[in-house]
Amino acid sequence: MSIEIDVLNGDASWPVVEPLMQAVWPRDVVEKLSWGHVKWAHADLRVLIDAPQESAKAGLACHVGIYFRTVTWDGRKVDIGGIGGVSTRPDCRGRGYATLALNAAVQTMRDHEAVRFGLLFCEPHNEAFYQARGWHRFEGEVYAEQPQGRVRFDAMAPFVFDFTRKPRDGVIDLCGLPW
Ligand SMILES: CC(C)(COP(=O)(O)OP(=O)(O)OC[C@H]1O[C@@H](n2cnc3c(N)ncnc32)[C@H](O)[C@@H]1OP(=O)(O)O)[C@@H](O)C(=O)NCCC(=O)NCCS
């Protein structure tokens, strides 16, 4: 059985992705979470994985959003790649789809030569998942824009993926909405 992996425009592919996101993060559940109030950026690109056509589970199985942003790290501008909205349909988990999609997202970021490192935010129960896939904890502070202005963004823990830079500490300003 073959697996299809696509990297598509973020806005154009949103209608295909929305049902998966609603299933994984229902609005009534999200509202009660510590990050339920956060206003998020929209993905620039999306990695989509369809379950094999011939299986009973055909259809969109996994999603990873990709973001490109010029941020500042300790006051210096740096181009980075962001990862967000990592989600696999509950009935398709444990088959390596999220790992495949993450790898495709990292490769896509790597293909953009200006990108110095990757950055994602995750809840404590997912930290081991990302650490096992080469992501490192960023111990410094992160700031982001929200409707009320610039805020310290500590709703979730930041993790970085090293390309040409290996940030572990300092201050990252996302210079826009978080992802
Ligand atoms: C986390 C998630 C994306 C993993 O998707 P998946 O397609 O099942 O992942 P994979 O099949 O590639 O990898 C599964 C492996 O990761 C492990 N794993 C899954 N969740 C984990 C976690 N929270 N911590 C540590 N390991 C985890 C599994 O045990 C499995 O290990 P194995 O390969 O040794 O058997 C999926 O569980 C999900 O959608 N969760 C809800 C949404 C969410 O929390 N997303 C992350 C946002 S930051």
Side-chain angles (χ1 to χ4, degrees), residues 1-8 10 13-14 16-53 55-69 71 80-110 117-140 142 144 146 153-162 167 172 174 176-179:
M1 287 206 257
S2 63
I3 291 170
E4 241 182 77
I5 305 180
D6 290 312
V7 182
L8 302 177
S13 59
W14 173 244
V16 177
V17 173
E18 195 175 6
L20 170 63
M21 301 300 260
Q22 300 285 353
V24 174
W25 286 293
R27 195 161 297 158
D28 55 323
V29 174
V30 169
E31 275 170 4
K32 298 185 186 93
L33 299 176
S34 61
W35 48 269
H37 61 287
V38 174
K39 184 167 167 57
W40 302 101
H42 292 177
D44 295 304
L45 297 174
R46 299 179 189 279
V47 180
L48 305 187
I49 297 189
D50 280 336
Q53 286 292 334
S55 85
K57 294 176 176 168
L60 183 61
C62 182
H63 164 267
V64 172
I66 303 175
Y67 305 74
F68 294 106
R69 184 79 61 78
V71 305
I80 72 165
I83 295 288
V86 178
S87 46
T88 301
R89 225 168 67 200
D91 63 331
C92 293
R93 289 182 188 163
R95 302 165 156 216
Y97 288 164
T99 304
L100 269 177
L102 266 178
N103 287 346
V106 166
Q107 188 55 49
T108 301
M109 297 192 304
R110 204 189 287 280
F117 60 89
L119 179 67
L120 63 76
F121 301 93
C122 74
E123 295 176 281
H125 64 269
N126 283 327
E127 291 181 4
F129 177 78
Y130 291 110
Q131 276 167 331
R133 284 155 185 79
W135 293 77
H136 301 274
R137 180 73 190 254
F138 177 75
E139 304 286 351
V142 177
Q146 284 293 278
F153 184 66
D154 53 9
M156 281 189 248
F159 277 75
V160 293
F161 195 97
D162 302 338
I172 292 176
L174 299 180
L177 295 174
W179 50 79

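Quick note: residue numbers are just sequence positions, from 1. Indexing begins at 1, ligand by ligand and atom by atom, following the structure's order.
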Could you list the residues that satisfy ring pair (Phe, Tyr, Trp, His ring centres under 6.0 Å) with Phe129, not counting sequence neighbours? none
Less than 4.5 Å apart, any side-chain heavy atom of Leu119 and any of Phe159? no
Do Ile80 and Tyr67 come within less than 4.5 Å of each other through their side chains, counting heavy atoms only? no
For residues 84-105, which residue pairs pass the salt bridge (Lys or Arg N to Asp or Glu O under 4.0 Å) check, not counting sequence neighbours? Arg89-Asp91
Who's touching ligand 1 if we go heavy atoms under 4.0 Å? Val24, Trp25, Val86, Ser87, Thr88, Arg93, Gly94, Arg95, Gly96, Tyr97, Ala98, Thr99, Phe121, Cys122, His125, Asn126, Ala128, Phe129, Tyr130, Arg133
Cys92 and Tyr97: which non-hydrogen atoms are nearest, and at how many Å? O-CD1, 3.7 Å
Pairs meeting criterion side chain to side chain donor-acceptor pair (under 3.5 Å) with involvement of residues 20-42, two or more places apart: Trp35-Glu123
